[in-house]
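Beneath this line is the structure, given in structure tokens, with notes to follow.
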Amino acid sequence: MTTSNVEDALPKHIAIIMDGNGRWAKQRGVTRAEGHEAGAESVRETVEGCREMGIEVLTLYAFSTENWRRSRIEVSALFRLLSKYVKKELENIHKEDIRVSIMGRMEGLPKKVVKDLEYSMERTANNRSMILNVAINYGGRGEISDAARAIASEVQRGELELDAIDEACLARHLYRPALPDPDLLVRTSGEMRISNFMLWQLSYTEIVMMKTLWPDFRKPHLHEAIAEYQQRQRRFGGR
Ligand code: IPE
Ligand code: IPE
Ligand code: MG
């Protein structure tokens, strides 16, 4: 048994840390909000590119639990942009048979955003060709501690035996237990860190860091990241 990729195997699940909007804006002397706005076009292309290639799951890191540390102006611009994106792109996403999934804490988000996100999940609930999983108000440590609390409460209520707590049990209590772990993680803008993203799920994910700033990211960059993934030998600790 070999654990390396079959030739040209596509990643089933691609996760992206979309970074560099602020630096892109700074280079052009425009506001950070305009950088985020430009990033929305990269999201559109990436979703389309993944759908064309038959990628099963695309997870996009849109807002971390640490991003609340930014100015109120920037945070509200990000949420306004999110609602605008849903309004503009949802019907197209639906037409492409893509199901929207949201991963993160809904508490703390503006009501309008929660409503838009819930509507986009309902609207696309029966779609089957691809899952677009968006991480919003998401943190990997928060996700693991939420899972720990849910497990503890099941034990306390007598619904779960202490001995039944294992890796599979913890994985079942994460926000999106039905999704496979990412095969490929892409981070744009050249930063070499995870920034509290999917800490549990990334254990054996192949990581591709790219210098490109997110607003400049287009289909050829996606294809480049996948080509690099296809050169990797995945071992999962074996042999
Ligand atoms: C990524 O771009 C978008 C979010 C984190 C929401 P940044 O805003 O982090 O851009 P840089 O890192 O400042 O360039
Ligand atoms: C990670 O980017 C979060 C998102 C892309 C949503 P950040 O720009 O917030 O991460 P740091 O602060 O550089 O680690
Ligand atoms: Mg950043």
Side-chain angles (χ1 to χ4, degrees), residues 13-47 49-50 57-86 88-89 100-110 112-114 116-117 120 132-144 146 174-176 179 182 184-202 205 207-218 221-222 225:
H13 182 174
I14 300 179
I16 305 184
I17 303 178
M18 312 181 285
D19 198 15
N21 299 353
R23 275 160 283 173
W24 185 92
K26 194 168 183 193
Q27 282 176 1
R28 281 165 184 72
V30 300
T31 61
R32 294 183 61 86
E34 285 170 273
H36 298 312
E37 179 105 38
E41 177 55 24
S42 309
V43 171
R44 210 191 56 71
E45 273 229 12
T46 303
V47 171
C50 286
V57 187
L58 170 65
T59 294
L60 298 176
Y61 201 6
F63 193 86
S64 74
T65 47
E66 289 73 44
N67 286 147
W68 293 105
R69 295 176 186 156
R70 299 185 180 201
S71 75
R72 251 189 30 220
I73 295 171
E74 183 174 353
V75 170
S76 59
L78 277 166
F79 288 132
R80 232 179 302 120
L81 184 64
L82 198 70
S83 289
K84 187 175 156 189
Y85 183 84
V86 169
K88 186 160 168 263
E89 296 295 338
V100 177
S101 149
I102 304 295
M103 178 170 83
R105 288 180 178 156
M106 290 297 103
E107 317 89 75
L109 291 178
K112 159 99 174 96
V113 172
V114 175
D116 289 343
L117 296 177
S120 56
L132 171 59
N133 182 42
V134 187
I136 296 170
N137 199 16
Y138 173 87
R141 289 183 172 182
E143 179 179 36
I144 293 169
D146 284 353
L174 297 175
Y175 295 143
R176 288 286 170 251
L179 300 183
L184 167 62
L185 171 72
V186 178
R187 183 170 188 148
T188 57
S189 90
E191 301 299 348
M192 302 284 216
R193 56 178 172 262
I194 299 295
S195 301
N196 202 14
F197 191 44
M198 303 186 87
L199 299 180
W200 178 276
Q201 299 89 333
L202 293 177
T205 300
I207 302 180
V208 173
M209 305 287 191
M210 301 178 91
K211 287 253 159 66
T212 313
L213 302 174
W214 179 249
D216 292 325
F217 193 90
R218 290 293 176 270
H221 300 99
L222 176 69

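Only a predicted model underlies this, so the values are computations on that prediction, with no experimental measurement involved. Note that ligands are numbered from 1 as they come in the structure, with each ligand's atoms numbered from 1 the same way. For the single chain, residues carry numbers from 1 onward in sequence order.
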>> For the CD1 atom of I144 and the CG atom of L174, what is their distance to the nearest 0.5 Å?
In response: 7.0 Å
>> How far is atom 6 (C) of ligand 1 from the closest protein heavy atom, and which atom is that?
In response: A62 O, 3.3 Å
> Is the closest heavy atom of M18 to ligand 2 under 4.0 Å?
Replying inline: yes
> How many angstroms lie between atom OG of S189 and atom CE of M210, to the nearest 0.5 angstrom?
Replying inline: 11.5 Å
>> Checking the side chain of D146 only, and the main-chain atoms of E143 only, is there a donor and an acceptor separated by less than 3.5 Å?
In response: no
>> Rounded to the nearest 0.5 Å, what separates atom CD in E45 from atom CZ in R218?
In response: 5.0 Å
> For the atom pair OG1 (T65) and OH (Y138), what is the distance rounded to the nearest 0.5 Å?
Replying inline: 9.0 Å
>> With a cutoff of 4.0 Å, is R187 in contact with ligand 2, counting heavy atoms of the residue only?
In response: yes
> What's the shortest distance from atom 10 (O) of ligand 1 to any protein heavy atom, and which residue and atom give it?
Replying inline: G22 N, 2.9 Å
> Between W68 and F79, what is the ring plane arrangement, given parallel below 30°, perpendicular above 60°, and tilted in between?
Replying inline: tilted
>> Against ligand 1, does G20 come closer than 4.0 Å with any heavy atom?
In response: yes
> Where is the nearest protein heavy atom to atom 13 (O) of ligand 1: which residue, which atom, and how far?
Replying inline: R32 NH2, 3.0 Å
> For ligand 2, which atoms, with element, lie under 4.0 Å from some heavy atom of I17?
Replying inline: 1 (C), 5 (C)
> Taking the non-hydrogen atoms of R70, is any one of them nearer than 4.0 angstrom to ligand 2?
Replying inline: yes
> Could you give the distance from NZ (K211) to NE2 (H221), rounded to the nearest 0.5 Å?
Replying inline: 13.0 Å
>> Keeping to distances under 2.8 Å, can you name the protein N/O/S atoms close to the Mg ion (ligand 3)?
In response: D19 OD1
>> Quick check on atom 2 (O) of ligand 2 - does any protein heavy atom sit closer than 4.0 Å to it?
In response: yes
>> Using a 4.0 Å cutoff against the non-hydrogen atoms of R23, which atoms of ligand 1 qualify?
In response: 11 (P), 12 (O), 14 (O)
> Which bit of F197 is near ligand 2, meaning a heavy atom under 4.0 Å away: side chain, backbone, both or neither?
Replying inline: neither
> Which heavy-atom pair separates G35 from P215 by the least distance, and what is that distance?
Replying inline: O-CG, 3.7 Å
>> Considering both backbone and side-chain atoms of S195, is one of its nitrogen or oxygen atoms within less than 3.5 Å of a nitrogen or oxygen in ligand 2?
In response: yes
>> Would the distance check show the side chain of R28 and the main-chain N or O of W24 forming a donor-acceptor pair, the cut-off being under 3.5 Å?
In response: yes
> Taking only heavy atoms of N67, which atoms of ligand 1 are found under 4.0 Å from at least one of them?
Replying inline: 5 (C)
> Which bit of H36 is near ligand 1, meaning a heavy atom under 4.0 Å away: side chain, backbone, both or neither?
Replying inline: side chain
> Is N21 reaching over with its side chain to a backbone N or O of A38, donor-acceptor style, under 3.5 angstrom?
Replying inline: no
> Near F63, which atoms of ligand 2 are under 4.0 Å from a heavy atom of that residue?
Replying inline: 6 (C)
> Under 4.0 Å from ligand 2, counting heavy atoms only, is it the side chain of R193, its backbone, both or neither?
Replying inline: side chain
> What is the distance from atom CG of N196 to atom CE of M198, rounded to the nearest 0.5 Å?
Replying inline: 12.0 Å
>> How close do R32 and E74 get, counting heavy atoms only, and between which atoms?
In response: NE-OE1, 2.8 Å
